[in-house]
Amino acid sequence: MGSECGPGGSQSRAVWCAHSEGWTTLHSNCNQTERPDSQQSCFRVCDWHKELYDWQLGAWNQCVPVSMRSAGMQRPTVCTRGEEGIQMREVGCVQKANGKPAEDAICEYFETKPRLEQACLIPCPRDCVVSDFSPWTPCSKTCGMGLQNRIRIILAPPLFGGAVCPNLTEFQTCQPGPCEGEERFYSLRVGPWGPCSVPELKKKKKNRNPQNRPGRKFGDLQIGYQTREVSCVHKSGIVEALSLCSQQTLPVTLQACVMTKDCYVTEWSEWSACSKECYDPNGPKGERTRTRKVSQLPTDGGKDCPELEEKEPCSLQGDGVPPCAVYSWKTTEWTECRVDVLLSQQDRRRGNQTGLCGGGIQTREVYCVQTSTDTPLNLSSIRPKEVLRPVDSDLCLGIPPNTTQLCHISCPVECEVSSWSAWGPCTYENCQDQAAKKGFKLRKRKLITDPMGWTGNCPHLMEAIPCEDPSCYDWLVVKLEECIPDNEKECGPGTQIPQVQCVNNDGEYVERQFCRDAILPMPSICEVPCPKDCALSPWTPWSLCSHTCSGKNTEGKQTRARSILAYNAGEGGILCPNISALQEVRNCNDHPCTVYHWQTGPWGQCIEDTSITATNMSVGQTHGDSAACSVGMQTRKVICVRVNVGQVTPKKCPESLRPDTVRPCLLPCKRDCIVSPYSEWSPCPSTCQAGVKTKRKQYRKRIIIQLPANGGQDCPEMLTQEQECEAPSVCQGYRWKTHKWRRCQLVPWSVRQDSPGAQETCGPGLQVRAVSCRKQDGGQADIEACLKFASPMPSLTQPCQLPCQEDCQLSSWSKFSPCTVNCVGVRTRKRMLVGKSKKHDQCKNYQMYPLSETQYCPCNKYNAQPVGNWSDCILPEGSRIEGQLGIRVQGDIKECGQGYRYQAMVCYDQDNCIVETSRCNSHGYIEEACIIPCPSDCKLSEWSNWSRCSKSCGSGVKVRSKWLREKPYNGGRPCPKLDHVNQVYEVVPCLSDCGQYVWVAEPWSVWKFSNLDLKDNCGEGVQTRMVRCMLNTIDGPSEQVEDYLCDPEDMPLGARKSQLPCPEDCVLSEWGAWSPCPCSGNSTRERNAYLLRQPGEQKECPPTKEIEPCKLNSNCFHYSYNITDWSTCQLSERAVCGNGVKTRMLDCVRSDGKSVDLKFCKKRKWQMNTSCVVECPVNCQLSDWSPWSECTHTCGLAGMRRKVIQAPQGDGRPCPSQMEQWKPCLVKPCYSWRYSAWSDCKSEGAKCGEGVRFRNVSCFVSDGSGQQDGSLVEDELCADIEPSVDGDAHIVLKEICIVPCPGDCYLMDWTVWSPCQLNCISGDDLGFGSVQVRSRAVVAQDPENLLQKLVYPWRTGPWRGVCGCEEGYTEVMTSDGLLDQCTVIPVLEIPTTGDNKADVKTIRAFNPTQPAVSTPGRVGRTWFLQPFGPDGKLKTWVYGVAAGAFVLLILVASLTSVLLAHSVCVDGLF
């Protein structure tokens, strides 16, 4: 099997011979030569091979259209989004070490083989887009036949195989008129100046004291000379003899120049000391620098100076390096929790904020302090009372702690008491002391909920009524025994023996001996009816007492009744009593209506009690973080009160029940105000200040760390100090100082003496000067300081002219004379002839050499106009309202009302140039009143009262609602989710006591017979009674309520039909209650009746017991608990939000689904309450407006910002959209330097060749809006502006250019880069990049430039199916668009390989399309031009690419293929 891992293993498999029908047969039946191998070698993969093998992914190949891979699938004729394609790549398993291929199974063991193909998109082809043609240029000649051309530019290049660009240039011949005389065929051409060289002359003496020579950094500027070639060129481009160019004076071929020198610098200095002189491994590093000086400045285009300063980060380490200061954030204590911040301004509860509780906001101040290096950075480790000096917040690098947080004020829990119990018996005040005969009847109630945080008093829990004959124990009749007739008879008068139990005042059973002094109840007289006697029902229980007490106008009564069950016989039986005897009345609650109770007042202030120490006290725990420092005492007032009367003597109330009047308490510690030391003074403005020297102020502050409490020392009133800064010193600056120009140096005479017209002592030359660096106060400074801080270095050379005797010399212009009156008069300036020029007549030609200039005086008329948009509506400073009690409520400030908006005014002079606004007598703004609408919050009504519980027995729900009064607007607090009638509901579960409402039935009425036996007063009859639904109380049913509140299933019968027993019939009592009915097995239940009257002879009694089987959900039930869902979070009545409680209700449900009293279910513990949180509706809180920012430029816009301190939460007021305000700055003239257009290129003394073009830099004024080009003004107005154009301080006013000769075809300047065009597919950016394009065209000046008299023979090729020319031939079309001829006429052949100066078009793009591979053997491409047809007329130009890649309609190309200059561009930046 080989080794355990790697190659060398083997695999085997079973091989058998099978019949074609599938069953196995002998091996000999199969061809043995075709037997498959049963064993092969294999590679056993182990886990460690994962480090040796991996998948190698090849690059995705070109996207191939799906239609080319699917047979029969046609490519779409119209491309809309692009064509779907597929890309393939090679994937193989290789060894990581050497890349050798391996079996794919090895890599598949560890990772699934990556996909081999993926979908791709081929964008639709995009054709080249060009602009319209420009107008025709003027004719290239003033006489004879010339050329006109017009050009167009490329707007978008061809992409993704789109059509190539057409011609960019078109020509046509022109002939202004015949030439007078012989036409000139030759032009004088000057070449470029050669390198500067120094003639071999005698060495001059060196300056003996070079150190005293200013500008020694420049070394000795060497003046040399340079030459250029002058040639005569035929218009065909051939150079001819110079004599053929007839011209009076030839161009100058010599000129002075400065020898080029590179910049040289010294070696680097030593590194400076590290700017950070302490050790801090976690903080930012310091910096050290080194410099080098300039020993030779560059001249005449020499290599620029390198960087003169180098910086690198550094950090000191070692035992002697002190540790750096550590800065950390520290916070003051949180302020008290405030709930009112969360309330709406329109909330009516805001007027009464006492007792508000729930969620609120508290704030604190955050400041930066310097802590010792031994102090951990954890803020919690800093001692709370540690007072550190505040420092600049920028020194603390971490994220500052929050300055606001949500908090919670616990809502007070009021007392909740139960209902009153029934009045107890008359008892002694103290059963242990029964000497006094005074007694009281008491009733009590209990505390259901203990008060928490409630400042009020709980109601009294006990009331007393004075009574006579008190007792502590009494006999309670439990029940009466059966009536036993006297003398052992079966019927007649008898007695009932009562069963009694000894009870105390609370109704509890006690031992019988306690009732030894009580009167034992006597047996009751009763009667057992005989067969012929009247049979009466037992007495009903006594009714509830009609009054709780008795007075002059009230007396308590109780009633009971019985009914006739059977009438007596006619003879010998006891008669039935009359109706009045069927009802009895007795007095009850005969005690007077004088109820007394103890009433307590609130506890007074805790006063220190020095007799008790805190260590001996067990008063209670301290609250919050207020430590107890001493023990005090509290007292309260306790009085005896008669109900509905007022205070009475204490003797009227039970003394033993008197509440305490004194209790111990804990006194909190005094807490003094703690403030930090003053911070350092805020920095003054920079040590130097340009302009007006105004004194500014600096400030320092201290912070309240801890507020005073419990009578501690108050905080100081002054928390900030200010003082004036010292007058700032003059800013140190640097400037260039220029020295005198040296004498004008000519090209040495030995060099130029052979030049025609040259004179030894006059002519053009060059003069140099030195510059040095000075401080603003005039002191010397290193040249490096000016190179770094000053304006660009002045020019070191300038051309000069040593006048010859016949030259005219004039002085400089004087200043213009002053104007006397605006808009009237003129002003002049003058100059004069100098030296011998005064005597030369040609210098007195004042048209050529004017000596004075006159101009009209400026007319100073000014006009003010508004400019720009109106500013935001801005409230006046100080109008933002303070919050309650003078404390500003952050984020809830009323930032609305009347404000002002501003529009800038601009002042123009008579030339429509902007000037200072003060000239228009304007303060710079138009003001207009405006209104910022105040936010109005959603207004809802108050909560309605809770509805009655939906069920009278068990768990239900109760509902309350609010309705919408006013919708929010202007960014007010939003409404909660409302229903379709604009109401919001709150639903909570409720539980109704199943015994809350009970049916009360009156006694049965007298029988009404329907079938009467008049002889015996018996037969069928009907009895009725009144049944009412009553509210059940502790004292019994009290008032009638609606019948639906009682359970209809339990409603007693209001009428009954029965058989009235005849005399001597057996009479039974009413049926008793059914016995409990268990729902298990074949159980039964029973009820009994007892005998009231014995039957007569030969008569029997009906059964006295009834039995029925127990049937589920009929007379027996199962009971189970049903628990409701949690209610919504319920808050205290005064709470806005925060912590609350949600509840659920427990219901006992019978197996038939009916809710019953909880007593029917087995007791079980349930969690019925849980805490919850109602999200506080936090309004968006914003910081104060920042100060106005600086103007973005002299006529721009200013703004101020604010930021969000607390984002809105819940239903809080959202943040306003306006987080910035802006108003226009005062409009001031914006002065700037601008270039003029380049002048035409001119070759001095020649018609063509190398020349020079110039431009000026002038002062312009504008309003800075960018919508105006600005106006040209005097240069003096830009005197205070650093000379720069568009931010470039390098001013270029002269540059070399080329004037093309008539025999030249030349390239025009490049167009500017087009805007960046993103390659989107149906509006989506799919990563195809973006592209820019620029182009330039070829221009010819003479028709003969394009024609060379070369003859080529005709050639023909095979005819093609579509009429056209073969590759390499040019299609020459007629004016009507028909193919006229196919020809190769290389009149002008321009090789393109290697010539980079003749770019015709460049495109720069991101992810450009790949160029096609060139055909081997074709190194370059050749352009052919043939402008004329056989008729001699100019035709449309068509240029064919010899390489055959594509046709570009551009005149001349200079590279092997059309060059693509690639660069990445970002769309939108161009």
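Model, not experiment: these values are computed from the prediction.
Cation-pi geometry between Lys958 and Trp946 is met: the NZ or CZ atom falls under 6.0 Å from the ring centre, inside 45° of the normal. With a 6.0 Å cutoff to the six-membered ring centre and a 45° limit on the axis angle, Arg1056 counts as a cation-pi contact of Trp1004.
In summary, Arg1150 and Asp1152 engage in a salt bridge, as defined by a charged side-chain N under 4.0 Å from a carboxylate O. Of the charged side-chain nitrogens involved, none lies within less than 4.0 Å of a carboxylate oxygen, so that Glu1064 and Lys1099 do not count as a salt-bridged pair. The pair Arg1028-Glu1002 meets the salt-bridge criterion, since a charged nitrogen lies less than 4.0 angstrom from a carboxylate oxygen. For Arg960 and Glu986, the salt-bridge test passes: some basic side-chain N is under 4.0 Å from an acidic carboxylate O. Salt-bridge formation is not detected for the pair Asp1125/Arg1144: no Lys NZ or Arg NE/NH1/NH2 atom is positioned less than 4.0 Å from an Asp or Glu carboxylate oxygen.
The line from OG of Ser656 to OH of Tyr428 is 14.5 Å long, rounded to the nearest 0.5 Å. Separating the CE atom in Met1145 from the OG atom in Ser1155 is a distance of 13.0 Å, to the nearest 0.5 Å. In this structure, OH in Tyr596 is found 15.5 Å from CG in Leu657, a value given to the nearest 0.5 Å. Here the straight-line distance linking atom CH2 of Trp423 with atom NZ of Lys444 works out to 12.0 Å at 0.5 Å rounding. Rounding to the nearest 0.5 Å places OG of Ser1075 at 7.5 Å from CZ of Arg1085.
Using a 4.5 Å heavy-atom threshold, the side chains of Lys951 and Asp1147 count as touching. In this structure, His597 and Val643 have side chains that are in contact, with non-hydrogen atoms separated by less than 4.5 Å. Taking the side chain as every heavy atom from C-beta outward, Leu1092 and Leu565 approach each other to under 4.5 Å. Side-chain contact between Cys458 and Leu447 is present, with at least one heavy-atom pair separated by less than 4.5 Å. The closest side-chain heavy-atom distance from Leu582 to Leu536 is below 4.5 Å. Annotation: side chain of Pro654 is in contact with side chain of Trp598 (closest heavy-atom distance under 4.5 Å). Between Cys1029 and Trp999 there is a side-chain heavy-atom pair separated by less than 4.5 Å. Side-chain contact between Gln1094 and Pro529 is absent, with no heavy atoms from C-beta onward closer than 4.5 Å.
Enclosure of atom CD in Glu584 by more than 12 non-hydrogen atoms of other residues, nucleotides or ligands within 6.0 angstrom is indicated. Heavy-atom contacts from other residues, nucleotides or ligands closer than 6.0 Å to CD1 of Ile1107 number more than 12. Within 6.0 Å of the CG atom in Leu520, the count of heavy atoms belonging to other residues, nucleotides or ligands exceeds 12. More than 12 heavy atoms of other residues, nucleotides or ligands shown are found within 6.0 angstrom of CG on Asp1050. Heavy-atom neighbours of Ile525 CD1 from other residues, nucleotides or ligands within 6.0 Å: at or below the threshold of 12. In Gln513, the CD atom is crowded: over 12 heavy atoms of neighbouring residues, nucleotides or ligands sit closer than 6.0 Å. In the displayed structure, Arg948 atom CZ is contacted under 6.0 Å by at most 12 heavy atoms of other residues, nucleotides or ligands. Residue-environment remark: NZ (Lys652) stays at or below the threshold of 12 foreign heavy atoms within 6.0 Å.
Smallest separation of non-hydrogen atoms from Cys593 and Arg642: O-NH2, 4.3 Å. What you find for Ala518 and Asp474 is that their closest heavy atoms are CB-OD1, 3.9 Å. Of all heavy-atom pairs between Asp533 and Ile574, the closest is OD1-N, 2.8 Å. The minimum heavy-atom distance linking Cys467 with Thr427 is given by the pair SG-N, 4.2 Å. Across every non-hydrogen atom of Leu1158 and Cys1148, the tightest pair is CD2-N, 3.7 Å. Of all non-hydrogen atoms in Arg560 and Pro541, the two that sit nearest each other are CB-O, 4.0 Å.
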Stepwise side-chain contact (heavy atoms from CB on, under 4.5 Å) check, Trp1166 with Ile1123: CA-CA 9 Å; Trp1166 296 85; Ile1123 193 161; 3.5 Å; yes

Verdict with supporting geometry, Cys534 and Cys576, disulfide bond (SG atoms under 2.5 Å apart): CA-CA 5 Å; Cys534 176; Cys576 290; 1.9 Å; yes

Step-by-step side-chain contact (heavy atoms from CB on, under 4.5 Å) determination, Cys1101 to Leu1091: CA-CA 8 Å; Cys1101 284; Leu1091 185 67; 3.4 Å; yes

Residues Cys1116, Cys1110; criterion disulfide bond (SG atoms under 2.5 Å apart); working and verdict: CA-CA 6 Å; Cys1116 75; Cys1110 291; 5.3 Å; no

Residue pair Leu442, Glu463: steps toward the side-chain contact (heavy atoms from CB on, under 4.5 Å) verdict: CA-CA 6 Å; Leu442 302 177; Glu463 289 182 344; over 6 Å; no

Full working for side-chain contact (heavy atoms from CB on, under 4.5 Å) between Asn1115 and Trp1074: CA-CA 10 Å; Asn1115 54 20; Trp1074 286 101; over 6 Å; no

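With hydrogens and angles ignored, the 3.5 Å screen pairs a side-chain donor or acceptor of Ser1069 with a backbone N or O of Tyr1090. The backbone N or O of Val959 lies less than 3.5 Å from a partner atom in the side chain of Ser947, making a donor-acceptor pair. Here the side chain of Gln1023 pairs a donor or acceptor atom with the backbone of Ser1005 at under 3.5 angstrom. A distance-only check finds no donor-acceptor pair linking the side chain of Ser1127 to the backbone of Val988 [under 3.5 Å]. Side chain of Ser418 to main chain of Lys446: a donor-acceptor pair is present (N/O by atom type, distance under 3.5 Å, no hydrogens or angles). Using a distance-only test at 3.5 Å, with no hydrogens or angles considered, no donor-acceptor pair links the side chain of Ser543 to the main chain of Gln558. A donor-acceptor pair is defined here as one N or O able to donate and one able to accept, closer than 3.5 Å; such a pair exists between the side chain of Trp475 and the backbone of Cys515. Listed for the Thr495 side chain is no donor-acceptor partner under 3.5 Å among the backbone atoms of Pro523. Of the possible donor and acceptor atoms, one in the side chain of Asp1157 sits under 3.5 Å from a partner among the backbone N and O of Lys1159.
Annotation: side chain to side chain donor-acceptor pair (under 3.5 Å) contacts of Thr649 (sequence neighbours excluded): none.
In this model, no donor atom of one side chain and acceptor atom of the other lie less than 3.5 Å apart for Ser955 and Thr1124. For Ser524 and Gln496, the side-chain atoms include no donor-acceptor pair closer than 3.5 Å. With 3.5 Å as the limit, one finds no donor-acceptor pair spanning the side chains of Asn1169 and Thr1143. Side-chain contact annotation: Asn1088 with Thr1104, donor-acceptor N/O pair under 3.5 Å absent.
Aromatic rings from Trp420 and His460 are positioned such that their centres are separated by under 6.0 Å.
For the cysteine pair Cys653 and Cys640, the distance separating the two SG atoms is below 2.5 Å.
Using a 30° and 60° split on the angle between ring planes, Phe1160 and Tyr1119 fall in the parallel class, below 30°.
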